[in-house]
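Below: one structure, written as structure tokens.
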Amino acid sequence: MAEIISNPLPNIPWEEKPQNYNGQVWRYSQNPIIPRDLLKKSNSIFNSAAVPFKDGFAGVFRCDNRQRQMRIHTGFSKNGIDWSIEEEPIKFISNDPEIGKFEYAYDPRVTKIEDKYYVTWCNGYHGPTIGVAWTTDFKEYHQLENAFLPYNRNGVLFPKKINGNYAMVSRPSDTGHTAFGDIFYSESPDLVYWGKHRHVMSPIRDGWQSTKIGPGPVPIETSEGWLMIYHGVLTSCNGFVYHMGVALLDLNEPWKVIKRSKKYILAPWEIYECVGDVPNVVFPCAALTDSETGRIAIYYGCADTVTGLAFTTVDELMNAME
Ligand code: BMA
């Protein structure tokens with residue numbers, strides 16, 4: 001039996017799997033948890049990240065405004081379900097104007113490493129790349145160097161150093177909507193210089209992960225390996241369809257894939273996943289875990305419009321892979 005390696009977190013959101021439900025990941029019955037217009041100026045709130053913070057939770061939320069500019073905002077919650085999100089976007093502190101000059105920010109992830117919370121996001125710098133910042137209080141965010149050259153999206157830090165280095169999985173991309181994409185692994189001694197790039201995995205022809213794949217939530221450490229929930233994209237005659245899958249990566253050499261899901265673990269089925277600004281998208285960006293029970297709560301963007309919550313367990317995910 002695989003065990004989650006982390007502190008117990010008994011207060012994460014949770015609902016039991018509905019009876020007769022045929023799948024490894026089930027939706028929260030009151031989805032979506034965050035409506036598109038939670039903020040006065042928001043067009044949509046989706047692809048967002050939550051972490052345990054103090055006696056509740058904090059998060060960084062993708063809120064596109066009514067000019068359709070992509071911005072990320074801080075939020076807090078007592079129970080991980082009801083969120084209050086700040087009206088104003090995060091203003092990063094940077095002493096280098098070259099890095100601090102803001103273009104756009106989207107699809108944040110938040111990782112706690114030692115005593116800091118690190119935010120990574122898709123950052124506009126002559127095209128999309130991976131922005132990195134840290135905070136201790138979710139008030140002041142200190143921006144570091146961009147991790148990579150453009151073009152890259154979906155930079156996700158591991159929650160601890162691997163082989164003595166910070167570690168990140170990401171998906172190199174292009175200037176547009178990127179009709180290709182593999183997941184790569186990189187290491188850095190200082191969160192400034194990144195190298196030791198390794199290929200992790202590619203799309204699989206024929207099916208839900210055939211066009212491109214990208215890392216989702218912060219990888220979950222288990223006794224068997226890193227559980228990496230990811231998104232996989234199929235190109236239909238009507239455009240991209242985004243699904244959720246899961247892979248198990250080697251603990252010490254995370255570019256080595258032990259197993260991965262042949263079938264998706266969640267696909268756009270519900271109306272709020274199939275209808276919105278970009279139809280047919282489930283896009284996971286965060287997961288809360290309770291090591292005691294093996295419970296996992298996944299935050300995911302729905303149709304690039306609202307935010308949903310879904311549940312699974314470490315055993316369910318282990319059984320979803322071949
Ligand atoms: C990806 C990203 C995501 C988005 C998805 C579907 O390329 O831009 O933010 O959810 O496309 O539109």
Side-chain angles (χ1 to χ4, degrees), residues 31-36 42-50 59-65 67-73 89-90 103-110 119-125 127-131 148 150-156 169-184 203 208-218 229-245 264 266-287 298-310:
N31 263 357
I33 58 165
I34 302 175
R36 65 187 302 169
S42 59
N43 166 76
S44 41
I45 305 178
F46 57 111
N47 301 2
S48 299
V60 177
F61 292 83
R62 172 174 176 178
C63 304
D64 292 5
N65 64 29
Q67 295 173 62
R68 296 298 298 267
Q69 294 168 317
M70 301 180 283
R71 299 290 183 263
I72 57 180
H73 295 229
I90 294 171
E103 282 185 43
Y104 54 78
Y106 64 85
D107 295 0
R109 317 298 206 274
V110 184
V119 186
T120 54
W121 69 95
C122 181
N123 188 39
Y125 180 75
T129 182
I130 305 303
F148 306 119
Y151 310 101
N152 198 309
R153 295 189 174 92
N154 300 298
V156 183
V169 270
S170 74
R171 209 267 306 290
S173 62
D174 65 7
T175 51
H177 296 291
T178 319
F180 63 88
D182 293 20
I183 296 176
F184 287 84
W208 65 272
Q209 49 184 335
S210 54
T211 298
K212 55 178 169 175
I213 53 173
V218 170
I229 298 170
Y230 64 98
H231 65 259
V233 180
L234 166 149
T235 306
S236 80
C237 60
N238 199 33
F240 289 156
V241 182
Y242 280 71
H243 312 74
M244 245 183 249
Y264 59 70
L266 200 79
W269 283 25
E270 295 295 332
I271 193 77
Y272 54 89
E273 299 163 343
C274 301
V275 177
D277 283 344
V278 182
N280 305 317
V281 178
V282 295
F283 197 92
C285 287
I298 303 169
Y299 293 83
Y300 68 105
C302 310
D304 283 14
T305 305
V306 295
T307 304
L309 188 58

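Nothing fancy with the numbering, it's 1 onward along the sequence. Order of listing sets the numbers, starting from 1, for every ligand and every atom in it.
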Are any of the side-chain heavy atoms of Phe240 and Val278 separated by less than 4.5 Å?
no
Tabulate distances under 3.5 Å between N/O atoms of ligand 1 and N/O atoms of the protein, writing both atom names on each line.
{"residue": "ligand 1", "atom": "7 (O)", "partner": "Tyr242", "partner atom": "OH", "Å": "3.3"}
{"residue": "ligand 1", "atom": "9 (O)", "partner": "Asn47", "partner atom": "ND2", "Å": "3.1"}
{"residue": "ligand 1", "atom": "9 (O)", "partner": "Arg62", "partner atom": "NH1", "Å": "2.8"}
{"residue": "ligand 1", "atom": "9 (O)", "partner": "Asp107", "partner atom": "OD1", "Å": "3.1"}
{"residue": "ligand 1", "atom": "9 (O)", "partner": "Asp107", "partner atom": "OD2", "Å": "2.6"}
{"residue": "ligand 1", "atom": "10 (O)", "partner": "Asn47", "partner atom": "ND2", "Å": "2.9"}
{"residue": "ligand 1", "atom": "10 (O)", "partner": "Asp304", "partner atom": "OD1", "Å": "2.6"}
{"residue": "ligand 1", "atom": "10 (O)", "partner": "Asp304", "partner atom": "OD2", "Å": "3.4"}
{"residue": "ligand 1", "atom": "11 (O)", "partner": "Tyr242", "partner atom": "OH", "Å": "2.9"}
{"residue": "ligand 1", "atom": "12 (O)", "partner": "Asp304", "partner atom": "OD2", "Å": "2.7"}

Over all atoms of both residues, closest heavy-atom pair of [X] and [Y]:
X      : Y      : value
Met244 : Pro284 : CG-CG, 3.3 Å
Asp304 : Val281 : OD1-CG1, 3.8 Å
Arg62  : Pro108 : CB-CD, 4.0 Å

Applying side-chain contact (heavy atoms from CB on, under 4.5 Å), run through Asp107 and Arg153 and close with a yes or a no.
CA-CA 9 Å; Asp107 295 0; Arg153 295 189 174 92; over 6 Å; no
Audit row: His231, Leu266, side-chain contact (heavy atoms from CB on, under 4.5 Å) steps and yes/no:
CA-CA 10 Å; His231 65 259; Leu266 200 79; over 6 Å; no
